Number of protein chains: 2
Amino acid sequence: MWNTGPVTTPPPGLRERKKRATREALREAALRLAVERGPDHVRVDDIAEAAGVSPRTYNNYFASREQAIVSAVTADREARVAEAVAARGARTPLARAVTEAVVEQYTDTGGREREVLRLVTARGALREAFLDSSDAIAPPLTAVIAARPGVDGTATARVLAASVAAAVRIALEEWLRAPAGEGRAGGLVVPSGSLPDRLREALEPLAPALDAAERGGGRA
Amino acid sequence: MWNTGPVTTPPPGLRERKKRATREALREAALRLAVERGPDHVRVDDIAEAAGVSPRTYNNYFASREQAIVSAVTADREARVAEAVAARGARTPLARAVTEAVVEQYTDTGGREREVLRLVTARGALREAFLDSSDAIAPPLTAVIAARPGVDGTATARVLAASVAAAVRIALEEWLRAPAGEGRAGGLVVPSGSLPDRLREALEPLAPALDAAERGGGRA
DNA sequence: CAGAAAATTTGCGGGCACGCAAGCTTTCGT
DNA sequence: ACGAAAGCTTGCGTGCCCGCAAATTTTCTG
């Protein structure tokens, strides 16, 4: 009876491990093939075959063809944003905590991300799927915000979390709009210039709402 | 040379009229068939045939099968929300203007809406498409907010508009969650109970941000 | 008005998403 | 440890979305 912590995963169980493995295999295969051949020359059958599962199984894991690729790129960034907010504790005001957490998590370019960014950035269905992925921030962020002292209802937390997600999406859109704009970072096609600035810029209008929520909701 | 006003539509032109007519025919056909047979027993071919166009043309007007139906139900409500905000002028503070406009436009149940609500409310792909439709509020609302005196950048307006859209979506979700909840309105299955309350509740957390935007942005 | 230019409709074909019902694997109860 | 229950995978079939290019219609120009 090893101390597994308070609410930790009891023992992962064989079943769960297999699912994780399959998911990971699909992600990796999808990304690899997309990089090799270009995103428009990858069929869902190819991904399935490369991952060693049936084409039908692919759609048990991902609802669209692009989802696996962006899932490989973003790599659970959504969940880590929420963690980063929680890690800042109730000391720092909510607006600061959220802004810092978002900027932090979107700044860490996970290694080869530079190479991959052109792939997902190039306008197409992938670009859309990538932007949609930022909506996934909302659910975990809702939990974190709701747990804050002073926030009354879950409804408030949901609205604020969804607003943050929307702001992030807009920041990404604006960022992708100006490829070789003002602060071009070394002549690359990748618009790595001012993502943190765009994020801060987009989150700033929400700051009053975020901070007000902690001071007793709207009319409490 | 009749006075056509400053920026009014010059003369509608034949082409435009036909497009409007086709769009309307598709909407109406889709809604009628969905009511008659139930939403799952309507093929896109049926709608096209009923509207007198080819199946391929349907997808030139609507990107998904459900879009035509919800388009018939919501009937450009999105655009009217923006108009309702603008109609309130810069006198009333932004938060109030937006809240009142949204509540007003979502309260007017356009006639037989009661009959149709069960259709789009019944969980399925339609329900999802209906919720997605609230995102269409953002673009026109962005323009209205950006035109407000005191709002500095377009980015701010976009974020706020998107946040409002997200709040509306959440309000609709919560509203659909409790069919026969607290304020049941006459024993119907339709959860007409407290939609305005849910909308106000969802928009309230954003009020500080909306009002702050008019007082010179965040740090202006 | 004739002819060019621009936009829309339509048929065709490919690929994708998903419900359904076996078949097989993991998990659980005794 | 054994059998049942639950869950995952897979093949099949249906329907939908959309790119492409030819045909048709509307608009524009001289």
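Computation of the quantities below employed the complete heavy-atom set of this structure, encompassing side-chain atoms and omitting hydrogens, waters and symmetry-equivalent molecules. From a predicted model like this one, the values you see are computed outputs, not experimental measurements. Every chain is numbered from 1, with letters handed out A, B, ... down the list of sequences.
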A/Arg198 (side chain) donor-acceptor with A/Glu174 (main chain) under 3.5 angstrom = yes
Length of the CZ-C1' vector between B/Phe62 and C/dT8, whole Å = 16 Å
query = In terms of side-chain geometry, is the basic nitrogen of A/Glu16 or A/Arg20 positioned less than 4.0 Å from the acidic oxygen of its partner?
reply = yes
ask   = Which angle, rounded to 10°, do you find between the first-five-pair axis and the last-five-pair axis of the helix from C/dC1-D/dG30 to C/dT30-D/dA1?
value = 40°
ask   = With sequence neighbours left out, what residues match B/Arg169 under side chain to side chain donor-acceptor pair (under 3.5 Å)?
value = B/Glu128, B/Asp132, B/Glu173
task = Take A/Arg127 and A/Val120 through the test side-chain contact (heavy atoms from CB on, under 4.5 Å) and record every step on the way to the result.
result = CA-CA 5 Å; A/Arg127 191 173 172 280; A/Val120 78; over 6 Å; no
ask   = Which whole-number value in Å describes the distance from A/Arg65 CZ to D/dC16 C1'?
value = 16 Å
remark   = Taken to the nearest whole Å, CG/B/Asp40 to P/D/dT14 is 17 Å
Under the ring pair (Phe, Tyr, Trp, His ring centres under 6.0 Å) test, residues paired with A/Tyr58 that sit two or more places apart = A/Phe62
message = According to side-chain hydrogen bond (donor to acceptor under 3.5 Å, both in side chains), does anything in residues 78-89 of chain B pair up with another residue at least two apart or in another chain? List the pairs.
response = B/Thr74-B/Glu78, B/Arg88-B/Glu100, B/Arg88-B/Glu104
query = Can you find a pair of side-chain heavy atoms, one from A/Val81 and one from A/Pro140, that are under 4.5 Å apart?
reply = no
message = B/Phe130: which residues meet the ring pair (Phe, Tyr, Trp, His ring centres under 6.0 Å) condition with it, sequence neighbours left out?
response = none
inquiry  = Any heavy-atom pair between the side chains of B/Val168 and B/Asp135 that's under 4.5 Å?
reply    = no
task = Would you indicate what B/Tyr61 reaches in the nucleic acid, counting non-hydrogen atoms under 4.0 angstrom: base, sugar-phosphate, or nothing?
result = sugar-phosphate
key: Value in whole Å for how far the P atom of C/dA7 lies from CZ of B/Arg17   = 19 Å
message = By the salt bridge (charged side-chain N to carboxylate O under 4.0 Å, His left out) test, which pairs, at least two apart or in different chains, include something from residues 61-76 of chain B?
response = B/Arg27-B/Asp76
Atom pair distance, as rounded to whole Å: CG in B/Asp45 and C1' in C/dT10 = 13 Å
Nearest-angstrom distance from the residue atom CZ of A/Arg43 to P of D/dC18 = 17 Å
message = Expressed as a whole number of angstroms, how long is the span from A/Leu26:CG to C/dC16:C1'?
response = 16 Å
inquiry  = Can you build the contact string for nucleotides 21-29 of chain D? Use B for base contact, S for sugar-phosphate-only contact, and - for no protein heavy atom under 4.0 Å.
reply    = ----BBS--
key: Neighbours of DNA chain C within residues 47-60 of chain A, by heavy-atom distance under 4.0 Å   = A/Arg56, A/Asn59
Measure all distances between protein nitrogen or oxygen atoms and nitrogen or oxygen atoms of nucleotides 28-30 of chain C, and list the pairs falling under 3.5 Å.
none

query = Taking atom P of D/dC8 as reference, at what distance in whole Å does atom CZ of A/Arg23 sit?
reply = 12 Å
inquiry  = So, using side chain to side chain donor-acceptor pair (under 3.5 Å) as the criterion, who are the partners of A/Arg43 when residues are at least two apart?
reply    = none
ask   = Considering all heavy atoms of both residues, which atom of A/Leu160 and which atom of A/Ala213 are nearest to each other, and what is their separation?
value = CD1-CB, 3.5 Å
Show me the donor-acceptor pairs, under 3.5 Å and distance only, between side chains in residues 30-38 of chain B and residues at least two apart or in other chains.
| from | atom 1 | to | atom 2 | distance (Å) |
| --- | --- | --- | --- | --- |
| B/Arg32 | NH1 | B/Glu36 | OE2 | 3.2 |
| B/Arg37 | NH1 | B/Asp46 | OD2 | 3.0 |

For the student: nearest non-hydrogen atoms of B/Ile145 and B/Val151, plus distance = O-CG2, 3.6 Å
ask   = Can B/Leu210 and B/Leu203 be said to form a side-chain contact (heavy atoms from CB on, under 4.5 Å), step by step?
value = CA-CA 10 Å; B/Leu210 290 168; B/Leu203 287 172; 5.9 Å; no
task = Taking the side chain as every heavy atom from C-beta outward, state whether A/Tyr106 and A/Ser134 have any atom pair closer than 4.5 Å.
result = yes
Which pairs, protein N/O on one side and nucleotides 1-4 of chain D N/O on the other, fall under 3.5 Å?
none

